[in-house]
Amino acid sequence: MCGIVAYVGYREACPLIIKGLKRLEYRGYDSAGIALMAADGLTVYKKKGKVADLEATLEADTLSSHIGIGHTRWATHGEPNDRNAHPHYSHSRQLAIIHNGIIENYGAIKQNLQQKGYVFHSDTDSEVLVNFIEDIRKETFCSVEEAVRLAMQEVVGAYAIVVMSQDEPGTLVAARKGSPLVIGVGEKEHFFASDATPIIEYTNEVIYLDDYQIAVVRDGDLIVKNIENVEQSPYIQHVELELEAIEKGGFEHFMLKEIFEQPRSVKDCFRGRVNADEGHLVLGGLREYLDDIAKSERIVIVACGTSWHAGLVAEYIFEELARIPVEVEYASEFRYRNPIIKEGDVVLAISQSGETMDTLAAIELAKSRGAIILGICNVVGSSIPRITHAGAYTHAGPEIGVASTKAFTAQVSVLTLMAIAVARKKGNLHEDTFRRFLFELERIPDKIEKVLKNADKVKEISELFKDARNFIYLGRGLNFPVALEGALKLKEISYIHAEGYPAAEMKHGPIALIDEDMPVVFIATRDQSYEKVVSNIQEVKARKGKVIAVVTEGDKLIPTMADHVVEIPVTHEVLMPLLSVIPLQLLSYYIAVMRGCNVDQPRNLAKSVTVE
Ligand code: G6P
């Protein structure tokens with residue numbers, strides 16, 4: 001959470017940083033700020049609200065600077081207001097800091113500094129950190145770089161920081177522990193950012209800073225050191241990200257673009273991995289561990305949010321095909337229990353961003369107990385893939401809308417491939433069934449395309465229900481996690497209360513809520529529990545609930561009972577979630593737009609949750 005951008009080089013820093021912050025707004029948008037080395041020295045400009053609000057207050061002609069730092073905030077310590085916005089000055093105003101993360105021992109450090117006469121102007125842990133750095137400088141007469149290094153030895157928590165100093169005007173000092181930090185290396189210029197998106201317009205050469213590393217740009221030269229002050233030779237990577245992948249490309253919102261990208265993103269996910277003609281299924285990154293997975297007695301999945309829902313889908317598929325027991329855990333719960341993990345257990349972490357703090361902590365815990373850790377992530381080079389033993393990228397491309405859509409279908413795609421590969425390894429899949437799966441998988445992108453052709457139908461339904469105050473989503477088997485995901489999408493972007501339930505559980509509580517004002521979304525595709533779901537639909541209709549049903553093409557029965565139906569093409573039962581979730585994504589999108597909500601940046605949320 002929180003996005004940071006910094007620049008030093010020959011370009012105008014202010015517009016470059018503002019543009020970069022806009023690309024990182026998915027990480028938080030409570031306030032924004034920028035610090036520049038302007039004509040009258042180190043100057044901070046900051047404001048509650050979005051980056052555009054800050055931009056509107058900046059008068060370009062006074063801001064010429066070739067060095068600067070900027071921040072877009074998701075509030076942790078202190079309410080979102082101008083005071084708590086970053087950057088923060090130190091007490092003497094000699095230093096300014098941007099920070100993504102949380103300093104856990106800030107209270108003790110603050111008390112100590114207050115006793116020394118430091119006065120604080122915000123409620124943030126970040127202001128404490130910049131004053132701590134200032135205090136170290138004062139006590140030891142050292143450089144900013146050295147003060148940051150010494151501070152890192154004392155602070156507990158997670159951070160990606162960049163510090164600027166009035167008396168070292170051409171220098172930027174950055175450090176990382178736990179929160180992401182990417183350095184862009186250009187010709188006579190350097191960039192720092194929370195991810196590569198603010199950088200790729202200028203350079204594709206990047207360094208992913210490691211934990212406990214410090215990077216300093218001084219007089220145009222970059223040096224990376226570890227916390228022991230030993231110089232490191234960082235690995236410069238070439239990122240493949242295209243600019244168009246992070247722009248809206250004619251769509252009104254990123255979310256809509258990402259929903260419509262799914263035929264392509266799922267295809268990208270299968271590329272080089274699935275070939276039905278040759279009977280070929282390969283997950284390169286997991287090849288070495290396939291035996292271990294096949295032999296494992298159980299698989300534990302850890303994830304949060306939408307990724308957790310993808311994990312639930314995987315539970316059904318792995319148990320069905322590979323016959324390995326699977327437990328799906330909220331990473332946040334797993335890490336604070338005393339989970340039973342044995343040497344050789346397989347722990348599978350799923351994360352779009354690869355940065356979710358709870359998932360990272362769950363991995364560390366499982367690793368310390370000897371588990372094999374595998375990761376399914378979307379963002380290449382992010383923290384999770386760097387600490388797992390092996391994994392597979394989802395290749396969905398950058399997902400910018402806060403509500404996850406194409407990342408979910410890509411996660412489910414990879415997990416399905418994994419389950420099929422493990423089932424085959426275990427000898428559980430007959431050659432014909434295996435081939436049939438591959439054949440069906442290759443047809444999924446076209447079938448998603450077909451579902452998207454129903455977008456107008458979903459839009460009409462959305463118009464009818466946009467003012468509802470509650471929604472219930474019901475499904476059985478593999479469609480139960482899809483129901484959860486549909487409900488999550490709706491509540492996070494339209495602020496309508498929505499609950500997902502296994503359809504059979506309805507009679508144990510939610511049925512009491514059903515009346516003529518209650519829309520109930522059934523994911524009622526043709527599968528082994530179809531008849532049961534039909535009965536559940538009748539139970540809802542008997543209580544005058546309004547039924548919206550996602551059904552398999554050609555279904556003649558449900559359209560006679562439901563108020564509205566959306567059809568999806570026939571596919572293998574196991575692959576159904578890849579299609580059935582799409583109308584639910586569209587429903588939440590259209591309802592949110594009709595209610596005037598900011599779909600890409602829903603209130604209080606952030607896409608990359610780097611706090612507990
Ligand atoms: C946030 C996002 C969700 C996401 C969840 C887990 O809550 O808003 O869309 O599913 O974090 O994130 P991850 O990056 O680990 O998948």
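Atoms within each ligand, like the ligands themselves, are counted from 1 in listed order. Below, all heavy atoms of this structure are taken into account, side chains as well, without hydrogens, waters or symmetry copies. The chain is numbered in sequence order, starting from 1.
Around ligand 1, the residues contributing at least one heavy atom under 4.0 Å from the ligand are Cys304, Gly305, Thr306, Ser307, Ser351, Gln352, Ser353, Thr356, Val402, Ser404, Ala606, Lys607, Val609.
Applying the ring pair (Phe, Tyr, Trp, His ring centres under 6.0 Å) definition to pairs two or more places apart or across chains, those involving residues 575-603 are His253-Tyr589.
Remark: the Arg176 side chain and the Ser383 side chain contain an N/O donor-acceptor pair separated by less than 3.5 Å.
Note: His99 and His86 have tilted aromatic rings, judged against thresholds of 30 and 60 degrees for the angle between ring planes.
For Arg469, there are no side-chain hydrogen bond (donor to acceptor under 3.5 Å, both in side chains) partners at least two apart in sequence or on another chain. Scanning for side-chain hydrogen bond (donor to acceptor under 3.5 Å, both in side chains) contacts around Ser580 gives Asn479, with sequence neighbours left out.
By the 6.0 Å and 45° rule, Arg603 stacks over the aromatic ring of Tyr495.
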